[in-house]
There are 2 protein chains.
Amino acid sequence: MVTKQFTGSPDEADLRRADSLAREIFSDVANKWALLIIEALGEQTLRFSELRNEIEGISHKMLTQNLRMLERNGLVERTVHPVVPPRVEYALTEPGQALRVTIDGLCDWTHRYLGHIETSRHRFDA
Amino acid sequence: MVTKQFTGSPDEADLRRADSLAREIFSDVANKWALLIIEALGEQTLRFSELRNEIEGISHKMLTQNLRMLERNGLVERTVHPVVPPRVEYALTEPGQALRVTIDGLCDWTHRYLGHIETSRHRFDA
DNA sequence: CGGCATCCACACCGATACTG
DNA sequence: CAGTATCGGTGTGGATGCCG
């Protein structure tokens with residue numbers, strides 16, 4: 001009860017910190033490439049080049065960047081096999097798997113409403 | 001069985017079209033502001049300025065832009081009341097509501113793994 | 001093969017100002 | 001109050017080349 005009671009309300013401060021962190025994570029995760037990478041990984045472990053082939057249109061740079069980001073947030077695990085040529089494999093961690101489930105929901109939604117959206121667009125563009 | 005069988009494989013073509021459309025929708029929806037707007041709307045209908053206050057940090061321009069995009073895709077409904085001063089209200093459509101459910105899942109995920117992610121980041125940055 | 005650095009075009013986004 | 005337009009700094013992301 002006496003801990004850190006001098007700098008205003010500590011509980012509020014903690015909440016603000018958590019909020020800003022949540023917002024930050026949201027920005028990281030809510031981006032096209034991150035979502036597609038997570039979807040592509042699914043339950044399998046894939047090599048860098050396999051991911052690159054799996055995700056159509058992603059550039060070498062974007063794949064590296066997003067993989068680093070996901071690794072940093074603990075959503076994917078990166079294992080390097082010390083052989084020549086190098087063999088690097090990526091797989092979802094448990095938090096990553098959990099996220100994938102919700103992303104699956106997003107994919108289902110997309111396919112379910114594909115028609116709605118297409119017609120809505122045509123009506124709007126007129 | 002005999003319909004549109006002359007231009008290669010029509011089924012494949014349709015699938016490719018659906019895929020590219022799905023990808024497009026994915027890009028539209030998987031962005032920070034769109035998700036935050038949908039979350040803010042929830043079950044209520046809000047005015048432009050109310051949305052602006054609700055979503056911390058969004059600019060006038062971004063709000064307008066994303067609202068147009070969401071309207072075009074049929075996820076939000078825009079109703080203009082012909083009074084002075086103008087009164088414009090936004091609400092989620094049924095597809096929008098469905099999407100919101102999955103986004104709620106994303107929010108839950110974020111809060112559940114906040115700790116995991118924070119510690120993972122510190123370990124990575126070292 | 002996978003990763004990093006560099007360069008550069010372009011899209012994004014905020015600020016500002018003007019309309020109905 | 002809500003929307004549109006314009007301008008300009010900044011960040012994003014593709015292409016390329018070089019390392020281990």
Side-chain angles (χ1 to χ4, degrees), chain A residues 20 23-38 40-41 44-73 75-92 124-126, chain B residues 20 23-38 40-41 44-73 75-92 124-126:
Chain A
S20 88
R23 186 68 79 90
E24 205 179 320
I25 294 169
F26 219 67
S27 306
D28 272 2
V29 159
N31 97 52
K32 183 183 166 184
W33 294 129
L35 293 185
L36 288 173
I37 289 173
I38 291 170
L41 278 176
Q44 48 190 336
T45 95
L46 291 177
R47 304 182 57 173
F48 183 89
S49 44
E50 288 170 337
L51 269 172
R52 190 146 161 52
N53 293 333
E54 201 77 12
I55 303 171
E56 182 182 305
I58 194 168
S59 70
H60 187 108
K61 185 182 184 179
M62 280 302 97
L63 185 52
T64 314
Q65 236 174 55
N66 280 279
L67 282 173
R68 284 298 155 278
M69 182 273 284
L70 293 173
E71 190 191 354
R72 187 173 109 95
N73 288 327
L75 305 192
V76 302
E77 187 185 20
R78 176 172 177 267
T79 55
V80 182
H81 301 271
V83 295
V84 284
R87 182 183 188 85
V88 183
E89 295 188 322
Y90 294 91
L92 291 181
F124 185 91
D125 294 341
Chain B
S20 87
R23 187 66 81 89
E24 208 178 317
I25 295 168
F26 221 66
S27 306
D28 273 0
V29 160
N31 96 53
K32 184 184 166 184
W33 295 128
L35 295 185
L36 288 173
I37 289 173
I38 291 170
L41 278 176
Q44 47 190 336
T45 94
L46 291 176
R47 303 183 56 173
F48 184 88
S49 44
E50 290 171 337
L51 269 172
R52 189 145 162 53
N53 294 333
E54 202 79 12
I55 303 171
E56 183 183 303
I58 195 167
S59 70
H60 186 108
K61 186 180 181 179
M62 280 302 97
L63 185 52
T64 314
Q65 237 175 54
N66 280 279
L67 281 174
R68 285 296 157 278
M69 181 273 285
L70 292 173
E71 190 192 354
R72 187 173 109 96
N73 288 325
L75 304 191
V76 301
E77 186 185 20
R78 176 173 179 266
T79 55
V80 183
H81 298 87
V83 295
V84 281
R87 181 182 187 87
V88 183
E89 296 187 322
Y90 294 92
L92 291 181
F124 186 91
D125 294 339

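Every chain is numbered from 1, with letters handed out A, B, ... down the list of sequences. Just the heavy atoms: all of them, side chains too, but no hydrogens, waters or symmetry mates, feed the values below.
Between the CG atom of B:Asn53 and the P atom of D:dA2 there is a distance of 10 Å, given to the nearest Å. Per the geometry, CE belonging to A:Met69 stands 18 Å off P belonging to D:dG11, to the nearest Å. Here D:dA2 presents its C1' atom at 12 Å from CZ of B:Arg87, a figure rounded to the nearest Å. Atom pair A:Leu63:CG and D:dA15:P shows a separation of 14 Å (rounding to whole Å applied). The CZ atom of A:Arg52 sits 11 Å away from the C1' atom of C:dG2 (whole-angstrom rounding).
Here the side chains of B:Ile37 and B:Met69 are not in contact, with every heavy-atom distance at 4.5 Å or above. For the pair B:Asp125/A:Arg72, a side-chain contact is recorded, criterion being any heavy-atom separation below 4.5 Å from C-beta on. Looking at A:Val29 and A:Asn73, their side chains never come closer than 4.5 Å, going by heavy atoms from C-beta outward. Here the side chains of A:Thr79 and A:Thr45 are not in contact, with every heavy-atom distance at 4.5 Å or above. Contact annotation: the side chain of A:Trp33 approaches that of A:Leu36 to within less than 4.5 Å [non-hydrogen atoms, C-beta and beyond].
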What protein N or O atoms touch nucleotides 8-13 of chain C N or O atoms at under 3.5 angstrom, if any, and at what distances?
unit_1: C:dC13; atom_1: N4; unit_2: B:Lys61; atom_2: NZ; d: 3.4

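Between C:dC4 and A:Thr64, no contact under 4.0 Å exists linking OP1 or OP2 to a side-chain N or O. Neither OP1 nor OP2 of D:dC1 sits under 4.0 Å from any side-chain N or O of B:Tyr90.
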Derivation of the side chain to side chain contact (heavy atoms under 4.5 Å, CB included) call for A:Leu67 and A:Phe48
CA-CA 9 Å; A:Leu67 282 173; A:Phe48 183 89; 3.9 Å; yes
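Applying the salt bridge (Lys or Arg N to Asp or Glu O under 4.0 Å) test to every pair with at least one member in residues 77-92 of chain B, sequence neighbours left out, gives these pairs: B:Arg87-B:Glu89. Identified under the side-chain hydrogen bond (donor to acceptor under 3.5 Å, both in side chains) test for residues 46-62 of chain B, with sequence neighbours left out: none.
For DNA chain C, if you chain together Watson-Crick or G-U pairs that step i with j, i+1 with j-1 and so on, the runs of at least three with distances under 3.5 Å are C:2-20 with D:1-19.
Comparing C:dG3, D:dA2, C:dC1 by their closest approach to the side chain of A:Phe48 singles out C:dG3.
In this view, B:Arg23 satisfies the salt bridge (charged side-chain N to carboxylate O under 4.0 Å, His left out) rule with no residue, not counting sequence neighbours.
Judged by atom type and distance alone, A:His60 reaches the base of C:dG3 through a side-chain donor-acceptor pair under 3.5 Å.
Of the residues in residues 78-86 of chain B, those lying under 4.0 Å from DNA chain D by heavy-atom distance are B:Arg78, B:Pro85, B:Pro86.
In this structure, A:Leu51 CG and A:Asn66 CG are separated by 11.0 Å, a value rounded to the nearest 0.5 Å. We find the CD-CE distance between A:Gln65 and A:Met62 to be 4.0 Å, quoted to the nearest 0.5 Å.
If you check every strand for non-hydrogen atoms under 4.0 Å, A:Arg47 touches sugar and phosphate atoms only.
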